[in-house]
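Working notes, structure below.
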2 protein chains.
Amino acid sequence: MKTPGTRARPRAAAALVVATFVAAGGLLTAAPASAEEPSGESYTENGGAARNDDDRAQALRDSILDSDAKNVIVIIGDGMGDSEITVARNYAEGAGGELAGIDALPLTGSYTTWSVTEDGAVDYASESASTASAWSTGTKAVDGSLSVDVNGTPQATLLELAKANGLKTGNVSTAEIQDATPAAEYAHISKRGCYGPEETSIDCADEALENGGLGSVSEQLLDARPDVTLGGGSATFDQVAAAGQWEGLSLFDQAEARGYQLVRDAAELDAVVAADQTSPVLGLFTEGNFPVRWQGPEAAVGGGDLEPQSCTENPERLESGLSLGSLTSKAIDLLDGEDGFFLQVEGASIDKRDHAADACGQIGETVDLDEAVQVALSYAQEQGDTLVVVTADHAHTSQIVGSTPPGLSANLLTEEGQNLIVSYGTAVEGESQQHTGSQVRIAAYGPGAANVVGLTDQTDLFFTASGALSLNRDAAALSASGTASADVARIAPGEEFTVSVADLYGDRQVAAVAGAETDLGEADIIDGAASFTVTAPDEPGSFTVALTGTQTGTALAVEVDVADGAAPAPAPSETPTPEATEAPSPGETPESEAGLPPGDSRTPPLNSTGGTVSFVLAGAALTALAAGGLLTLRRRGGLAGKL
Amino acid sequence: MKTPGTRARPRAAAALVVATFVAAGGLLTAAPASAEEPSGESYTENGGAARNDDDRAQALRDSILDSDAKNVIVIIGDGMGDSEITVARNYAEGAGGELAGIDALPLTGSYTTWSVTEDGAVDYASESASTASAWSTGTKAVDGSLSVDVNGTPQATLLELAKANGLKTGNVSTAEIQDATPAAEYAHISKRGCYGPEETSIDCADEALENGGLGSVSEQLLDARPDVTLGGGSATFDQVAAAGQWEGLSLFDQAEARGYQLVRDAAELDAVVAADQTSPVLGLFTEGNFPVRWQGPEAAVGGGDLEPQSCTENPERLESGLSLGSLTSKAIDLLDGEDGFFLQVEGASIDKRDHAADACGQIGETVDLDEAVQVALSYAQEQGDTLVVVTADHAHTSQIVGSTPPGLSANLLTEEGQNLIVSYGTAVEGESQQHTGSQVRIAAYGPGAANVVGLTDQTDLFFTASGALSLNRDAAALSASGTASADVARIAPGEEFTVSVADLYGDRQVAAVAGAETDLGEADIIDGAASFTVTAPDEPGSFTVALTGTQTGTALAVEVDVADGAAPAPAPSETPTPEATEAPSPGETPESEAGLPPGDSRTPPLNSTGGTVSFVLAGAALTALAAGGLLTLRRRGGLAGKL
């Protein structure tokens, strides 16, 4: 506890990070004393509370980079309005202190967070699904819906587009990974609560797999296949698919079958050394949301009049051994590379504890988020090519007041020994405090950061991030150069051959139909490519395999000649392009050498109508591809460079 | 009323201003559709709600000017937190619309608004006196005190320093001009409520004139002598001075005696053609605060469930024929010139109506403020040398919620036909809603605007504004070149002569003592100069007049030889400097030709101990000065250039 009235900052822990920032420039730090801007040891002296060391013009010029960003990290404090930031700063660092991450971002603005109603009118008080959809897609969404427009049409997300443009992708949250903020980056569904097949069958029936929909939020996560996904929400993955290729399998088994590296705790995460499309990482550390870091007094009517209390560590959270900062650090390690990446990070429970009128809970989560921001900024400063954006999805209830309000309140004893009364006045005791509709802070560092300054809308962030990465936002165009090929031109009846697609970057899956009506199911597209092993029919003649990109509808076809006694022979691609057949560059490793994910050679339950055709998933098929020498995988970074 | 879901902006009225901004560049405007950032007619389309037209990097670079500002306009929305801005935008322009002034400022940040307690500890929920003192002086103040530090020591303000540096100054508010925000620029007192001599005698006794203090807030305003002062609060000026030179006179009479042009209504203000130190303008348009512009439903428990209502114009306000925009425009007209100026403008009743849980009231005042911002930005764009800063003193209670909260609320029908529920939850019905402690938005345009970006403290604004103007903040240094002179070297006993001071820019008044102990009282320093007419004693010999700058304590003395039959003869200045005796530049008009204020030759009641000496105030004395040719007035702009 410091003496009241003396300068509280910097604290030892934060000083290290701040010192790095100062050395590299471009981030904002507390003002030391200078001749020009007098600053004393005490806040009460002239200039003693000032934060601006000197004219910021040059620092800002340095921050306004015209160059493209190679990487973008979007960090969301759920419900982290300006009031929540100030509550956390006051408590943890003192009123004149600094949150070492959040407060260091040099370029700042405000953005509007309203959503739309089902009839397309505006809603001034939005929630996390509509707001996350807004920055994820650039399209305003109806409250409770995920990345669909007001008509229910899916809108491409930053994560999906980054992947389609050849970047690596990550999604980290302290919430269930199906919660609104992380889910908006990969799911398209009318109701955010349709986490698994069970809820979807009841609440989102039209969107259930059994009714021809895109499936539950969790199933859409597996389809989206980010390279790195870290969060809570494992419980839903015990649910069983109700339809589709994976009918009857739990989502965990499905994930394993589709090549995911499943991670359940800190030790397992430590052991992960790589994450890519062949072996994406799915880390689910808790059944539900993460336990929060801090706990303290419950807000109550008259709580502001009680003796002030300090927040304490939540022992349950410490057992997990994980923080948003450590997860962010691991995600960056796994995504960092020549491809570039898009990473979303969410501190989810600022909002959840604000709903619960839990001041210490929301403060601890803000501090937790701030550590993640520090990690991202350190990386970005080192790299020089990374845009970091820190913002909220919407504002929330908590307010700092001078005397006990009529609603709920809590009295906290802050780090500098003062009373901090936090008011929660939008719901009665025991009910959920409400989101509020105020514009919120958006702050950024790195290439493209200038676009957050001034007043923007939440949907602008989609364009800021995709613009910084120069993403091609037309998914169909990203599959327009797609090719299909077979490894034979002629084949004997009943023999197996391989049909492959390449350069279908705009799609996440491809569906195949052999002959007139034999449904071969879908295969995951990995780095633009996927393959099916096909058994030739018993009857000789021309035999066509039709392939359709699941997201863009891009249609391709391969024709082979089925003839008795014909030896398999290499066949040219139906629509060959130089890119599709180029040799690997020196130093590049074909994906087939990167090691196959466990379980991917297992034949899953088929959704086909029967017949003579079988298929294996892409991973195994790639072995044949590599052996045939027909197709090598294009590096994603190379693609991004051409867009 | 527009069709829900269609693009609401720009409205015809706002479009004109915005179009000007676009043409001149540097300000932010709504995003029109472009190929790169798709934007439809409807908010529900992809990109349809985006505000950022294109990459802002170049626009921001253009806004970051290293050059000094000639003028600074600080515009304060009292209690205008981000929530209040959003409430006003939603109601008046639609959620996707823009407040044509507030939202157009290109450089934005947040600042902290905490104050200090009497023992120097921090107070997380401040009020308007301490916060206004913080940006006015750069020193954190105790709640309720005006521009004194925690020990009660007066701190120089932006307005005072600007004046001392030779700039013109203005102070405009919709509140009583003695209210905290305008008062912090000119008054130094422990309790903000000590408006006039009567309250001061009771509540601020130590600071009353009769006890040797600086006097009431209103009396300190007359001492500070800004060139332009416009607001409410005339009632206090009917009070009578309890001590000092003006004892027994009403403050109105005192103001008139000291050369002020008194203005009571719009017509009288229209008639004012100039404002300067010789004839400063004091416009007091209402006895108390201005009536607000809009009125509407009172917030009530359950108010959010009532039928939504629109705001209506307040007929009382319209009768005044004045808005903050029109007052700002007039102030700028009067201040604009080669000297440069500092102008503070306050929209006071955003706060007052928030206290009263009056949503329409606070919205109308925000719209009123926004018009003032538009006026300032138009001027700044035209000039290219004017820093405009728009911010708040502290955050406030009002919040936008989705459903009726347990406390007070009101349901408004917005301009786009939607329900807007505003919650007031920090006090019960009938009591004053509380200020809140959240950091608030600060936004700027022009030279020095970069200094508001990121996180700063309220005290930083003092350094931002004074730095942009390159003000010398050492008042004593600004009087260090001060000179004193007499218009004679020898004089016959009982004859009158004139003693003058020049270049006492750091002081607002100068006190004179003739001989051993004859108190000549104080004279207002006008453009660095003041004079006393002195009657020589009856006894021959050396006779000294001692002069002391009231604010800086700068001590000067003039000695004349009193001898029988001696004819008056010009005497050199005691401490002559080239500047003090320089001839007027071509085109410059000596103040003495500019017309004397009415009433200034009247001899006020004296506080002297008697004796043979009399004096007149500076205005009349200047006539003698001009005739003697000893001293001409230095242009203020020339001084500013030398600092």
Side-chain angles (χ1 to χ4, degrees), chain A residues 4-5 28 37 43-44 46-47 49-52 55-57 60-61 64 66 82-83 86 90 95 103 106 108-110 114 116 120-122 124-125 138-140 149-150 399-402 405-407 418 420 423 425-426 428 434 436-439 441 450-451 453-457 459-460 463, chain B residues 4-5 28 37 43-44 46-47 49-52 55-57 60-61 64 66 82-83 86 90 95 103 106 108-110 114 116 120-122 124-125 138-140 149-150 399-402 405-407 418 420 423 425-426 428 434 436-439 441 450-451 453-457 459-460 463:
Chain A
L28 305 180
E37 309 289 338
Y43 285 144
T44 58
N46 184 250
R51 298 174 183 274
N52 182 5
D55 192 289
R56 296 191 177 193
L60 287 182
R61 267 198 206 90
I64 300 171
D66 277 332
D82 283 85
S83 186
T86 315
N90 285 352
D103 291 341
T108 50
S110 305
W114 51 279
V116 294
V122 305
Y124 302 113
T139 307
K140 289 284 185 188
D149 69 9
V150 68
Q399 293 181 310
I400 299 160
V401 291
Q418 306 300 315
L420 175 66
S423 166
T426 62
V428 297
Q434 299 185 53
T436 57
S438 174
Q439 61 192 27
R441 177 184 189 257
N451 287 305
V453 179
L455 178 71
T456 55
D457 181 72
T459 51
D460 281 293
F463 298 102
Chain B
L28 305 180
E37 310 290 337
Y43 285 144
T44 57
N46 184 251
R51 297 175 185 275
N52 182 3
D55 191 289
R56 295 191 178 196
L60 286 183
R61 266 198 207 90
I64 300 171
D66 278 331
D82 283 84
S83 187
T86 315
N90 285 352
D103 291 341
T108 51
S110 304
W114 51 278
V116 294
V122 305
Y124 302 113
T139 306
K140 289 284 186 188
D149 71 7
V150 68
Q399 293 181 310
I400 299 160
V401 291
Q418 306 299 315
L420 174 66
S423 167
T426 62
V428 296
Q434 298 185 54
T436 58
S438 174
Q439 62 191 26
R441 177 183 190 257
N451 287 305
V453 179
L455 179 72
T456 55
D457 181 72
T459 51
D460 281 293
F463 298 101

Report summary line: Here the gap from B/Ile400 atom CD1 to A/Tyr124 atom OH, rounded to the nearest 0.5 Å, amounts to 9.0 Å
Report summary line: Between B/Trp114 and A/Ala95 the two heavy atoms that sit nearest each other are NE1-O, 3.2 Å
Query - Atom pair NZ (B/Lys140) and OG1 (A/Thr44), whose distance is rounded to the nearest 0.5 Å - result: 11.5 Å
Requested in this report: Can you tell which part of A/Val453 gets under 4.5 Å to a heavy atom of chain B, answering side chain, backbone, both or neither?
Outcome: both
Query raised in the report: Between the side chain of B/Thr86 and the main-chain N/O of A/Gln439, is any donor-acceptor distance below 3.5 Å?
Result: yes
Query - Region of B/Arg61 that comes under 4.5 Å of a non-hydrogen atom in chain A - result: both
Query raised in the report: Within the distance-only criterion (no hydrogens, no angle test), does the side chain of A/Asp82 pair as donor or acceptor with the backbone N or O of B/Ser438 below 3.5 angstrom?
Result: no
Query raised in the report: Any idea which heavy atoms bring B/Gly425 and A/Pro405 closest together, and the distance?
Result: O-CB, 4.1 Å
Query raised in the report: Going by heavy atoms in the side chains, are A/Thr436 and B/Ser83 under 4.5 Å from each other?
Result: no
**Report entry** B/Val116, part contacting chain A, at a heavy-atom distance under 4.5 Å
**Finding:** side chain
Query raised in the report: Which one of A/Gly138, A/Pro106, A/Ala125 has the most heavy-atom pairs closer than 4.5 Å to chain B?
Result: A/Gly138
Report task. Determine the option with the most heavy-atom pairs under 4.5 angstrom with chain A, choosing from B/Leu420, B/Asp149, B/Val150. Result -> B/Leu420
Requested in this report: Ignoring hydrogens and angles, state whether a donor on the side chain of A/Asn52 or B/Asn451 is under 3.5 Å from an acceptor on the partner side chain.
Outcome: yes
Query raised in the report: At their closest point, which heavy atom of A/Thr459 faces which heavy atom of B/Ala50, and how far apart are they?
Result: OG1-N, 3.5 Å
Query raised in the report: Is there a side-chain contact between A/Gln399 and B/Gln434 (heavy atoms, below 4.5 Å)?
Result: no
Requested in this report: Look only at the side chain of B/Thr108 and the backbone of A/Thr108, and say whether a donor-acceptor pair between them is shorter than 3.5 Å.
Outcome: yes
Requested in this report: Over all heavy atoms of both residues, which pair between B/Arg51 and A/Thr456 is shortest? Give the atoms and the distance, please.
Outcome: CD-C, 3.3 Å
Query - Pairs of heavy atoms under 4.5 Å with chain A: top-ranked of B/Ser423, B/Gly407, B/Gly454 - result: B/Gly454
